[in-house]
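All values derive from a computational prediction rather than experimental measurement. Below, chain A is the first sequence line, B the second, and so on; all start at residue 1.
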2 protein chains.
Amino acid sequence: MSNKHTAQAGCPVLYALSLIGGKWHLPVIWALSRHKLLRYNELKRNVCGITNMMLSQSLKDLENNGLIKRVQYNEIPPRVEYSLTEAGLSLLPALDELAKWGVKQMVRI
Amino acid sequence: MSNKHTAQAGCPVLYALSLIGGKWHLPVIWALSRHKLLRYNELKRNVCGITNMMLSQSLKDLENNGLIKRVQYNEIPPRVEYSLTEAGLSLLPALDELAKWGVKQMVRI
DNA sequence: CTGCATCCTCTAAGATACTG
DNA sequence: CAGTATCTTAGAGGATGCAG
C-alpha cells in the first residue's frame, strides 16, 4: 500500500489507510503513543528492525500528514523530538477497534 | 500491502490489515455489505475498475480468511453467490470508526 | 457465467555508505 | 545525533487471452 493519496475518490477508509498504511507507520505511531515523546534514536531503538531510511521516511510522511509533530532544537549535538499531534492521538480509538477485531480473527483461525 | 500473514508477531492491528489490506479487499467487502448477496459478475460491476484476475484473487483471499462465504450452484450456466460471513460483518463497526477518523482528516487537510 | 494461466510493470521496501 | 543518496530487489498489482 502507499502513503500517496491513491485512495479512490472519496472513500474515507481508503483515505485513512493511505495515511497509515505504510509498513512502518503504525509501529512508529504505536511507539509514540506509549512514550509520548521520543528522540530519533530512541524511536529507532523502540521500533525493532527499522532502518534509518525507513524511519526518516515514515517520520516525514506522518509529519506531512499532520499525525506527528517534530520539534528541532539547534544544539550541539542535534536534538529532535517527536510526538503525536491531536490528529494522531484521535486515531487511537479506531486502532483499538481494529485491534479488537484482529484479536477475534486470530483466535478464530 | 499484502494478504500474507506478514504481520509482526502478535500485533492485532497489523494482523487485521493483513486480512483486509489488499487493494481490492475493502471495495469488495463494501459492495457485499451494501447488497448482502452478489454473483460474480454483479460484484464485478459494483466494484468499479476491477479485473477478473483481481476480483477472483480477492474473493479467494477473503474466503480463505473466513470473511466471505462462497456458494456454488451446479447449474448451466454456472451461478456463484458471495456474501459476508459473521466475521466479515463484525468488521464493519471497526471500518466505521476508521471512516469517521478518515473524514476528519480529509476536511483538516 | 465464472473464473485461471501467463507475462509484464511499477513501486514500496531494504542494504549500504556517507554527511552536517 | 539525526538524518540523506544511491542502488537493488521482491512482490503486489495489472493486461490479455483462454477454459470448463
key: Point-to-point distance, once rounded to the nearest 0.5 Å, from CG of A:Leu43 to CD1 of A:Ile68   = 7.5 Å
inquiry  = Within the 4.0 Å limit for protein heavy atoms, which parts of nucleotides 1-6 of chain C are touched? Write it as a string from 5' to 3', B for base, S for sugar-phosphate only, - for none.
reply    = BBBBBB
message = Rounded to whole Å, please give me the gap between CE in B:Met54 and C1' in D:dA15.
response = 10 Å
inquiry  = Hydrogens and angles aside, do A:Tyr82 and A:Glu42 bring a side-chain donor and acceptor to less than 3.5 Å of each other?
reply    = no
query = Which heavy-atom pair separates A:Ala94 from B:Leu98 by the least distance, and what is that distance?
reply = CB-CD1, 3.8 Å
inquiry  = For a quick test of reading the model, state the closest non-hydrogen atom pair linking B:Pro12 to A:Ala99 and the distance between them.
reply    = CB-O, 3.4 Å
ask   = Rounded to the nearest Å, what distance is computed from the CG atom of residue A:Asn74 to the C1' atom of nucleotide D:dG3?
value = 14 Å
query = Taking everything shown except A:Gln72 itself, do over 12 heavy atoms lie less than 6.0 Å from its CD?
reply = yes
note = Whole-Å distance, B:Leu55 CG to D:dT16 P, equals 18 Å
request  = Work out how much the helix from C:dC1-D:dG20 to C:dG20-D:dC1 bends between its end axes, five pairs an end, to the nearest 10 degrees.
outcome  = 50°
key: Non-neighbouring partners of A:Glu75 that pass salt bridge (charged side-chain N to carboxylate O under 4.0 Å, His left out), sequence neighbours left out   = A:Arg79
message = Does C:dG14 have its OP1 or OP2 closer than 4.0 Å to a side-chain nitrogen or oxygen of A:Trp24?
response = yes
message = Measure NE2/B:His25 against C1'/D:dG13 and give the value in whole Å, please.
response = 11 Å
task = Salt-bridge test for A:Lys100 and A:Glu97: reply yes if a basic N is under 4.0 Å from a carboxylate O, no otherwise.
result = yes
key: Atom pair distance, as rounded to whole Å: CG in B:Leu17 and P in D:dA12   = 15 Å
Residue pair A:Ala87 / B:Trp101: nearest heavy atoms and the distance that separates them = O-NE1, 3.2 Å
Atom pair distance, as rounded to whole Å: CD1 in A:Ile50 and C1' in C:dA15 = 14 Å
Nearest-angstrom distance from the residue atom CD1 of A:Ile76 to P of C:dT19 = 18 Å
inquiry  = Please determine whether a side-chain nitrogen or oxygen atom of A:Lys44 lies at a distance below 4.0 Å from atom OP1 or OP2 of D:dG3.
reply    = no
key: For B:Lys36 against B:Ser33, the heavy-atom pair lying closest together   = NZ-O, 3.7 Å
ask   = CG of A:Asp61 versus P of D:dT4: gap in Å, rounded?
value = 11 Å
